[in-house]
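Notes to accompany the following structure.
These numbers come from a predicted model, not from an experiment. Here is the naming used below: chain letters follow the sequence lines, and residue numbers restart at 1 for every chain.
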Amino acid sequence: MLSKQAYQRICDQLQAHDQACIPLIYDHYGDALYGVIYRIVGREEDAAEVLQDTFVKIWKNGAAYDPERGRLFTWMINIARNLAINRRNSKGFRQQTDVQTDEKLVYLSDRSRETVPETLDAKGMLQKIDEKYRTVISLLYLQGYTQQEVSDRLRIPLGTVKSRVKIGLRELRKWYDFDTTAALLAAFALAE
Amino acid sequence: MNEELRGILESDLLERYLLGEVSEQEKAKVLELRRTSPEIRQALDELEKTLEQVALEEEIKSPPGLRDKILRQDYNPAPKTTTSQSSYFWLAYAAGLLLIGGSVWFWQQQRINELETQATAYSEQIAQLESDCQKTNRELALINAPDTRPMILKGTDYAPGSAVIVYWNPSEKACLLRVADLPDIPADKTYQLWADIDGEMNSLGTFDHQSARDQLVAMAYLDHAESLNVTVEPAGGNDHATVSTLSAVVGI
């Protein structure tokens, strides 16, 4: 994660409409935003276009970003997720995917039909928590599903989805603390 | 920490807020809480940082060349409200808004009327159900009371196979009647219940044998009754029992 100073600089530049923030945002958050977009739209060329749109929107609305309402990344990922979901639901996108013969892409056009979630190849903290929590958080946060869609898709009650989100995030939080402390200790050790 | 804050932290409101699954009202509430409560602010901040870390760790490498493309996009002039649009555009825009607003208003009015009608119907239904429920509860309480005697009036030669159930409660001075089986009678006749006291038949009232099949009917109660009797009488009831039409009887 970015240092507090670097994070603050990006926020300041964005609000001041200083274009220098664009490469900084891309270098720190571009692939994270792309990851979420790609998982939602499922196609490289669409994901690339949506990421471009995301940056335009971040830039246009940058002055309106209010740190009082939450962190910059939360704000950006919401923009990216919404644009990606809009793209996925757009008529053109559906028609395009429907003529695809590739099965994976065909069912992307109506994801509620799927019954088995594609397993996310988790790399970080996510892989450390129980699979049932990992699946729900991944579907909601990284793949743009609503809680109701997750409930339908996994065939578990909505209440279970909600409690899995809650417990899963609590578990992740523990790992987050653990990793942050470990990183700090490592930094101290190197500095010695 | 007060109860409300604890409740909010235990609910999934903050999680839904971060996942973008809140109503405008809930969103405003979270923002207000974030401003006024350090606990909520800290909880949100921690959740945000955790989720941010997840997204960063699960990033997917964007295609080569996309960075350049995005950096080269035209970000200037800094977006401000455009003033170069012709006034016709704004006129059309305003007219469009007015039309949409009008339709929405009309639609909403219709919907409100519909909902009001529905609400009235529902409240009438509820009142009816409540009153039915109270009646059933009273009947049930009486049937289950320790001094209530259930009795079955059996058919006579005049109407064999007849059966009438009576719940008889001397301490409550109550009598409930239900017909299990009674023959149909002409429209100008009615069934009447009698209590035999010292050899004299005293009326406990008339009843419609059809509706008394589906529900309990409250009848009059008299002390010192020695038997209960059902006869067929002219519509409206009779002062004296027509013993020749005795249809069902039970001794007490």
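A search for side-chain hydrogen bond (donor to acceptor under 3.5 Å, both in side chains) contacts involving B/Arg72 returns nothing, not counting sequence neighbours. Applying the ring pair (Phe, Tyr, Trp, His ring centres under 6.0 Å) test to A/Phe73 and every residue at least two apart in sequence or in another chain returns A/Tyr29.
Under a 3.5 Å cut-off, the side chain of A/Arg71 and the backbone N or O of B/Asp45 do not form any donor-acceptor pair. Put simply, the side chain of B/Glu58 gets close to the backbone of A/Gly124: a donor and an acceptor are under 3.5 Å apart. The main-chain N or O of A/Thr74 is never found under 3.5 Å from a side-chain atom of B/Glu48 such that the two would form a donor-acceptor pair.
Of the two parts of A/Arg81, only the side chain, counted from C-beta on, holds a non-hydrogen atom closer than 4.5 Å to a non-hydrogen atom of chain B. Using a 4.5 Å cut-off between heavy atoms, A/Asp27 contacts chain B through its side chain alone, with no backbone atom that close. Looking at A/Phe55, both its backbone and its side chain come within 4.5 Å of chain B, counting heavy atoms on both sides. Both the backbone and the side chain of A/Leu51 come within contact range of chain B, with heavy atoms under 4.5 Å apart.
Between B/Pro63 and A/Tyr34 the shortest side-chain heavy-atom distance falls below 4.5 Å. A/Asp177 is not listed as a side-chain neighbour of B/Glu46, based on a closest heavy-atom distance of 4.5 Å or more.
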The test is side chain to side chain contact (heavy atoms under 4.5 Å, CB included); show your working for B/Glu52 and A/Ile77 and say whether it passes. CA-CA 9 Å; B/Glu52 184 170 330; A/Ile77 202 173; over 6 Å; no

Derivation and outcome, side chain to side chain contact (heavy atoms under 4.5 Å, CB included), residues B/Leu51 and A/Leu169: CA-CA 8 Å; B/Leu51 284 171; A/Leu169 282 173; 3.6 Å; yes

Does the pair A/Gln127 and B/Glu57 meet the rule for a side chain to side chain contact (heavy atoms under 4.5 Å, CB included), with working shown? CA-CA 10 Å; A/Gln127 66 176 341; B/Glu57 286 175 351; over 6 Å; no

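Here the closest non-hydrogen pair linking B/Leu71 and A/Tyr26 is CD1-CB, 4.4 Å.
Below 4.5 Å, heavy atoms of chain A meet no heavy atom from residues 123-135 of chain B. Along residues 94-103 of chain B, no residue comes nearer than 4.5 angstrom to chain A, judged on non-hydrogen atoms.
The residues A/Glu68 and B/Arg35 are annotated as not salt-bridged, no charged nitrogen and carboxylate oxygen being separated by less than 4.0 angstrom.
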